[in-house]
Structures are given as structure tokens and as C-alpha cells.
Amino acid sequence: MTDHLETLVDQMTLEEQVSLLAGEDLWSVNAIARLDVGKIRVTDGPNGARGGGDWFGGVTAAAFPVGIAMGATWNPDLAYEVGAALAQETKSKCAHVLLAPTINIHRSVTNGRNFECFAEDPELTAKLTVPYIRGLQDNGIAATPKHYAGNESEIQRTTMNSEIDERSLREVYLRPFEAAVKDANTWAMMSSYNRLNTQYTSENEWLLSDVLRDDWGYDGIVMSDWFGSHSTAETVNAGLDLEMPGPTRDRGDKLVAAVQEGKVAPDTVRTRALNMLHLMDRTGALTDKTPYNERSVDLPETRALIRRAGAEAAVLLKNENLLPLSTPSGKIAVIGPNAAEAQIMGGGSSYINAHYRVSPLQALQDRFGAENIVHAPGCQNHRWEPLFIGDVDVAYFDNATCAGDPVATETLGQTQTFWMPPIGEGKVNPTGFSARISWKYTATTTGMHRFGLHATGPSKLYVDGTLVVNAADNWTRGRTFFEEGCDEITADYALTAGETYAVTVEFAARKSAMLDLSAFRAGIGVPLGVEAIEQAVNAAKAADTAIIFAGRSGEWDTEGSDLQDIMLPGAQDALIAAVLAANPNTVVVLQTGGPVEMPWINEAKAVLQAWYPGQEAGNAICDVLFGDTEPGGRLPQTFPVKWQDNPTWSQDPEIYPGLDGKTRYEEGVFIGYRHYDRHGITPMFPFGHGLGYTSFALSDCHAEHNGDGTRVNARLTNTGKRQGTTVVQLYIGDTSASVPRPIKELKTFAKIALAPGETRDFTLDLSGRDFAFFDVDTGVWRVEEGEFEIHLGFSATDIACTTKITMQATTYAK
Ligand code: BGC
């Protein structure tokens with residue numbers, strides 16, 4: 001650390017040092033004018049830079065593929081490019097720190113936040129984490145890998161205790177964070193909400209100091225997740241530098257008092273403040289005088305990068321000579337709930353106000369002309385009734401019952417919002433206010449409409465003065481708004497086409513359990529009946545080709561709420577089965593943040609998994625469907641035949657994700673493909689799987705000792721007729737281990753492009769650590785003497801060649 005920062009920190013009073021250790025508001029830390037210390041700003045992350053504005057509105061931003069889509073690219077160079085582009089996005093929002101990447105592990109298939117994380121495998125996660133961070137930091141923006149550690153489920157996440165043994169932590173859950181520190185030199189990190197082996201991670205000294213700083217040599221800062229810091233002396237002493245967000249709850253005067261009472265050493269505060277100054281220095285925030293002015297920057301090169309990345313993430317799960325599609329001679333039937341609605345990202349804090357969203361329907365119409373497309377949604381897949389988009393007036397009352405005159409008003413652009421202090425121009429008590437929210441709705445169809453409402457406090461919805469939805473009388477916390485909101489209450493009410501109705505919601509705030517926020521969401525929909533499936537079937541029958549766009553949305557794949565199963569929501573399975581029976585030339589395109597069961601898989605000729613690929617969704621998907629580019633993705637997560645096959649099922653579903661507030665990581669290191677290998681369970685689609693539009697063969701693989709490491713040589717040939725890319729995956733198995741070890745573990749991979757008929761010899765290098773397990777008794781990475789198998793292949797179950805290497809003696813790796 002440079003001398004001028006040491007001098008600066010020593011010029012500060014204790015109060016000034018303390019002021020750097022907590023947020024000033026939601027997204028920034030206090031500046032110190034007396035010493036010309038600037039203000040550092042942070043923003044979410046990870047699939048774009050949202051900025052500090054309104055959660056759902058705000059200045060528009062570029063929407064990149066979500067984490068699992070980036071995981072599916074298996075492309076570290078692309079992760080670097082995305083990181084670098086995100087640095088520019090972060091700058092456009094006047095921030096210095098991006099709260100990203102999310103590098104928790106896909107442990108269970110039902111984790112609501114799977115979509116945001118890269119993979120079920122720690123090495124794949126680590127190999128994408130490192131370049132993503134470098135891309136950001138090479139351009140002056142700090143990364144914040146999160147959530148450290150053990151945040152692999154969302155239910156009760158602010159209190160849940162993750163029980164994880166040390167070996168599993170070191171080999172699996174901490175591994176990406178270790179790489180973020182040692183290989184990418186990350187400047188910041190975020191602790192998680194949960195407890196780890198009883199202690200909150202934000203006050204876990206073993207995690208924040210012993211492992212992170214002493215073992216790994218970390219020199220950056222650790223910030224809490226939002227409202228995830230619960231104490232004063234404990235967090236500061238354990239190693240948590242920054243409490244977020246502000247204004248502080250546990251620091252400020254309380255920390256000054258803790259120092260005066262001898263509970264925190266002055267030198268500890270000095271160290272934390274120095275860490276903050278170091279971060280501010282590294283990002284330029286220390287001297288940043290640019291006026292705060294968030295900008296919307298929609299660049300052609302960013303559009304192109306997002307489109308390319310979206311196509312490279314798409315995984316072709318199955319293809320029986322149907323894809324790529326040639327330009328159809330007849331009409332294309334475009335079916336499914338995700339056709340007209342562009343599903344570009346997941347839900348929760350990673351949500352951004354995208355510059356635009358290209359739906360598959362729009363992309364197909366642009367490509368072939370609207371006259372050649374027949375669209376039939378077939379069914380719905382939403383979790384909540386659709387939002388109303390338009391002017392929505394809010395009147396704020398400084399009482400709980402909307403009594404008297406409002407003290408402030410504002411206009412929203414849609415029927416949902418988050419409220420965080422200051423609320424209603426700061427004129428209302430954040431935990432005791434009420435709001436009357438009104439808008440005009442003109443019905444476009446006659447018949448039963450469904451009204452839905454959920455909120456963080458008791459609420460009622462009226463249509464022309466008639467109470468329609470009562471989400472007040474039996475209000476209880478459910479699975480919405482980070483578990484601060486009730487589940488959606490719906491009610492049906494008949495409307496007439498052409499009539500305009502006055503819709504009003506009355507909302508009363510309450511003190512939230514953990515997060516200090518209020519929020520509401522209301523929606524109006526027209527339920528689709530079985531005749532919608534018949535219309536889709538008829539459209540498919542009459543068409544040359546049918547494409548079904550099915551899946552979930554950010555309402556399901558969202559922070560703050562786990563999935564209740566992995567079936568496609570609504571009537572989608574019935575729709576897909578019916579359309580497949582009607583037209584064999586049907587492609588199924590899935591957009592989900594993780595695996596789903598596919599009861600119709602045997603009838604489907606072609607299935608493409610497209611995730612949430614960002615603002616260019618429709619274009620990226622069509623590029624793959626019509627062969628402009630190949631499907632570049634490989635599964636970063638095993639797709640089981642059924643949920644019961646997943647390693648966490650032993651704890652599911654009755655007590656998912658745990659019992660008595662504990663998530664027990666009982667399967668240890670045997671997660672993902674390691675579990676399927678161990679129990680001989682055949683997955684529907686294995687980890688690493690993905691087809692292209694050409695074929696490859698691997699041969700001639702052999703391994704040799706190479707200094708301290710091992711070098712593996714092999715030959716790859718493109719045996720097909722098209723140029724193409726494949727991902728060669730290298731797994732290691734310790735055949736004579738003295739402890740239970742997975743049959744094989746991914747250690748490295750290479751994404752290689754070849755022309756038709758081309759052959760290339762390539763090498764993959766392995767370090768001692770790649771052969772090691774973590775020996776908890778002695779606290780070292782142990783490489784045991786004996787024989788190891790090295791497998792090269794195209795997925796966890798498609799191993800093309802295996803070679804062996806023998807370690808002559810037991811050694812220790814770093
Ligand atoms: C999330 C973090 C996020 C933070 C700020 C929390 O709810 O867990 O990932 O960065 O909010 O929005």
C-alpha cells in the first residue's frame with residue numbers, strides 16, 4: 001500500500017476513519033471534504049450496471065447474458081470482453097465498483113439465484129471469474145465477487161445457517177473466491193447474508209481473516225451484503241471493512257464508542273479505513289471530481305458483443321437433423337409464452353432497465369416478414385399477473401390509513417416499485433406511511449380479468465371503488481420482495497372491452513423483518529383457456545416449421561425465492577407435447593435459469609437451451625436456429641431426468657433447503673456431476689454437454705510430467721462438414737485415494753475452433769494442485785502418490801480418451 005494513503009489515514013480523526021466504514025446511502029460511502037477524500041459509488045451487477053436510480057426504471061443500461069449463460073460459454077476470453085464492457089457501463093453510471101460477479105455454486109436445481117451464478121463446478125466457475133474480474137479491473141472498475149460464502153439457496157437467506165465441512169468449502173465453495181483473490185487480485189468482495197457454521201459470514205473471522213487474508217493474501221475490502229451486517233465490534237474485528245448500505249445501523253457513533261470502550265482496537269479501525277482508501281485509490285474514487293450524472297450509453301459494439309455472447313451461450317441439447325433451419329418455404333408457427341415476451345434476465349438485485357429487449361417473435365418477423373409468421377402463445381407461464389405499464393399516480397400519507405391530505409405525490413411508469421428511505425420526498429415515516437396508487441385501465445377484451453397484488457404491507461385493490469383483491473386482512477410474509485412481501489393474492493373480475501376503469505391500490509407500510517424496504521406490485525391479466533393450446537396446435541399443423549419458445553422468466557428465476565419444483569410452469573408441458581404431436585418439424589427453445597424436467601423429450605427432435613441472454617435475446621437465438629452461428633454453449637449444470645436425482649434431494653422437498661434454519665451440505669464434495677457419477681445416475685443431459693453443427697474426434701492423448709506439473713497432449717479433428725468449435729474438457733480421477741474422492745473432477749478445458757477436416761494437436765497444462773484434495777487434519781493440499789486417470793472428452797459422460805499418470809511420492813500443493 002502506498003505511503004500517501006498511510007499519511008492520509010493518519011491525518012483522519014477516529015470519526016473520519018469510522019465514516020469510511022459504512023455507506024452514506026444505498027450506493028455510496030461518505031466523502032471527507034476536509035481532506036479532499038472523494039465519494040466512492042457502487043452499483044449492481046452482474047449482467048449490467050443498473051446505477052443508483054429507481055430499481056425498475058432509472059437510466060437505461062445494456063443488458064448482458066446472465067451468469068449461467070456466461071457459464072455455458074466456457075469461454076474465458078469472452079468473460080474478459082464482457083468484464084471490460086461492463087467497466088464502461090459502470091462508468092456511465094458514475095460508479096467505481098460493480099457488485100459482481102456472483103460466484104456461488106449451483107448446488108440445488110431449485111436455487112432461485114442459479115441463473116446469476118456461473119456453474120455447478122468450482123473450476124469452471126473459477127476460470128470464468130478470473131477474466132471477468134480482470135476485464136473490469138484492467139479498466140479501473142473494482143469487481144466484487146459475491147456472496148462469500150455458502151449462499152447456495154434463497155429461502156430464509158438472511159438467517160439460514162449453511163453447515164459445510166471445511167474440505168467441501170476449500171475444494172468447492174471457496175475455490176472461485178480463492179481464484180478471484182490469487183489469480184485476479186480482486187479489489188473488493190461481498191460477504192453473504194447467511195451464517196456459515198453458526199456465525200454470520202459478515203462476522204466470521206475464520207472466513208474474513210484467517211482464510212481470506214492470511215491464507216490467500218487478500219489486500220482488498222470486504223463489504224456486507226445489503227443489511228447483512230448485524231453487529232459493531234464483531235464485524236469490524238472479524239474483518240468486514242464496509243457495512244452496506246447506509247445510513248449506518250451498527251457503525252458511526254456505535255463504532256466510535258466501541259473503540260473508546262476497548263472493544264475494537266484503534267489500529268483495527270485504521271486498517272479498515274486504509275483498506276477503503278486503497279480501494280478508492282485503485283478505482284480513482286479518491287480524487288474523482290466528476291459531477292454525478294448517470295448516462296444511458298447504447299453502443300453498437302456493445303450490442304454486437306451481447307448478441308455474440310448470447311449465441312455462444314446457447315446449448316443445443318438435442319438435434320435429430322432438424323437444426324440449423326433453412327429459410328422455410330411456408331409459414332413459421334411461433335408458439336409459446338416466451339415468443340412475444342423477451343426473457344432477457346432474472347429477477348432481484350441484478351435487474352436493470354435494459355436499453356431494449358428483442359423478443360424471438362420480433363427477431364423472426366424482422367428476418368422473414370410478419371406475413372410469414374403465425375403467432376400463437378398457447379398458454380401462459382407467469383408467476384404474477386402482468387404489470388400495467390403507463391402513468392401510475394402515487395399519493396403518500398404520513399399515517400397508516402391513507403387518511404387526510406397526501407403529503408407528497410409522484411408518478412411511476414408501472415404498477416410496481418421499491419421504496420427505500422427517503423420516501424415521499426422524505427416527508428413520511430418509512431415504516432408507518434401509507435400510499436394510494438391509482439391508474440386508469442382500458443380493457444381490450446370483454447370477460448373475466450385476473451387482478452393480482454402482492455406487497456410488503458397490508459394492501460387492497462379496488463376497481464371503480466369496488467374491493468377486488470384483499471391482500472390486507474390475512475397478510476403474512478411470503479416468497480416475494482426478498483421474503484419481505486406476501487405471496488400474490490388474485491381475484492377475478494369482469495371487464496368490458498373499450499371501457500376505462502379506475503384502479504386503486506391502498507398500501508400500508510410495516511417495519512420489515514430484515515431489509516428496511518417497502519414494495520408493491522399489482523397486475524391485470526386475461527387468463528388463457530385450453531382453446532389457446534388448440535389454436536397453437538392448429539397453427540403448427542398449418543406451418544412448415546414450428547418453434548416453441550417456452551421456459552420461465554425472472555419472476556421465477558429470481559433472487560429472494562427458491563423454486564418449488566423444476567417443472568415448466570403453467571400448461572407448457574401439455575402445450576409442447578400437443579405441438580410436437582401436431583408437427584414433427586418443431587424446435588423447442590427453452591429459456592430458464594437452470595434445469596427443467598422434460599416429459600416430452602423423446603418426442604422432440606431439437607431442443608435448444610437459450611437461458612436469459614440479455615437485450616439481444618431474440619436475435620441471438622435466431623442466429624443459432626438458422627445457422628448464422630453455431631450453438632456455442634455447453635451445460636454448466638447437469639440436467640437431471642427428474643428433480644429427485646439431484647444431490648440435494650435427500651433434504652427435499654419437505655424440508656428444503658434445510659431443517660431448523662440449517663442448510664446441511666451433507667453431500668460434501670459430491671455435488672453436480674460428481675454425484676451422478678458416484679451413484680451411477682444417468683442424467684437427461686450431462687454437465688458439459690452441448691451439440692454443434694459439426695462433429696469432432698479426440699485421439700492420441702497422453703500425459704507426461706513437466707517440471708512441477710503435468711502436460712497433457714492430444715489431437716482434435718473436425719470430422720464434419722462445417723467450421724465449428726468444441727469444448728475439450730479434462731477431468732482427473734484419483735484411482736488410489738486414501739479419502740473418498742469424486743470419480744472425476746473437471747480441472748481444465750479448451751475451446752477450440754477448427755475448419756472442416758482440420759486436425760490440431762494441443763496441450764493442456766496441469767499443476768500439482770489439480771491432483772490434490774484438501775487434507776483438513778493438516779490443513780494442506782495433498783497430492784497422494786499413486787495412479788491418476790486423466791480423461792479428455794466432450795461432457796462428463798462423453799469421455800473420448802483416458803490416459804494415466806503416476807505420482808511417485810506424496811507431495812503438497814499451494
Ligand atoms: C443482493 C446483492 C446485491 C445487493 C445490492 C442484495 O439483495 O444479495 O447481490 O448486490 O442486494 O442490491
Side-chain angles (χ1 to χ4, degrees), residues 22-29 40-56 58 61 66-67 86 90 93 95-104 111-118 129 136 141-160 162 176-177 180 186 188-195 200-202 221-230 240 242-246 345-353 418-420 456 479-485 512-519 554 557-562 593:
E24 179 176 30
D25 55 27
L26 265 176
W27 310 113
S28 72
V29 177
I40 187 161
R41 293 179 199 279
V42 305
T43 179
D44 282 311
N47 46 278
R50 188 180 58 247
D54 171 355
W55 215 284
F56 298 113
V66 300
L86 284 169
T90 307
K93 299 298 177 286
H96 310 93
V97 180
L98 187 70
L99 305 175
T102 307
I103 56 172
N104 298 108
N111 177 19
R113 230 170 162 176
N114 261 359
F115 79 90
E116 215 179 303
C117 312
F118 290 133
T129 296
L136 282 168
I141 295 296
T144 318
K146 60 190 187 181
H147 310 83
Y148 186 63
N151 184 185
E152 272 74 32
S153 53
E154 288 296 287
I155 286 181
Q156 300 164 19
R157 67 175 176 161
T158 51
T159 52
M160 189 59 81
S162 297
F177 292 97
T186 185
M189 197 176 277
M190 188 189 292
S191 60
S192 55
Y193 279 125
N194 54 282
R195 302 166 199 260
Y200 276 115
T201 59
S202 56
I221 68 123
V222 184
M223 70 178 80
S224 71
D225 200 344
W226 268 227
F227 308 107
S229 164
H230 305 279
L240 186 82
L242 178 63
E243 175 204 351
M244 283 304 281
M345 58 191 154
S349 63
S350 64
Y351 184 90
I352 56 173
N353 187 15
F418 271 108
W419 288 295
M420 291 195 178
T456 57
R479 294 159 71 103
T480 66
F481 297 125
F482 312 118
E483 299 185 328
E484 296 287 0
S512 47
M514 294 296 290
L515 298 179
D516 287 359
L517 59 81
S518 291
D557 288 297
T558 181
E559 177 182 341
S561 161
D562 286 337

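Just so it is clear, the model here is predicted, and its values are computed rather than measured. Every number for a ligand or one of its atoms is a count from 1 in the order of the listing. One-based numbering along the sequence shown.
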S.K.: Counting only N and O atoms by type, is there a donor-acceptor contact under 3.5 Å from the side chain of Lys146 to the main-chain atoms of Ser192?
M.R.: no
S.K.: Between Arg113 and Glu152, is there a side-chain N and carboxylate O pair less than 4.0 Å apart?
M.R.: no
S.K.: For the pair Phe418 and Phe481, name the ring-plane relationship: parallel under 30°, tilted 30 to 60°, perpendicular over 60°.
M.R.: perpendicular
S.K.: Check each protein residue for a heavy atom under 4.0 Å from ligand 1 and list those that pass, ordered by chain and number.
M.R.: Trp27, Asp44, Trp55, Leu99, Arg113, Lys146, His147, Arg157, Met190, Tyr193, Asp225, Trp226, Ser349, Glu559
S.K.: Measure from the side-chain N and O atoms of Asn47 to the backbone N and O of Val66, and report whether any donor-acceptor pair falls under 3.5 Å.
M.R.: no
S.K.: Report the C-alpha distance between Glu559 and Ser349 in whole Å, list the side-chain angles of each, state the deciding distance to 0.1 Å, and finish with yes or no for side chain to side chain donor-acceptor pair (under 3.5 Å).
M.R.: CA-CA 7 Å; Glu559 177 182 341; Ser349 63; 2.6 Å; yes
S.K.: Please check: side-chain N/O of Asn104 versus main-chain N/O of His147, any donor-acceptor pairing under 3.5 Å?
M.R.: yes
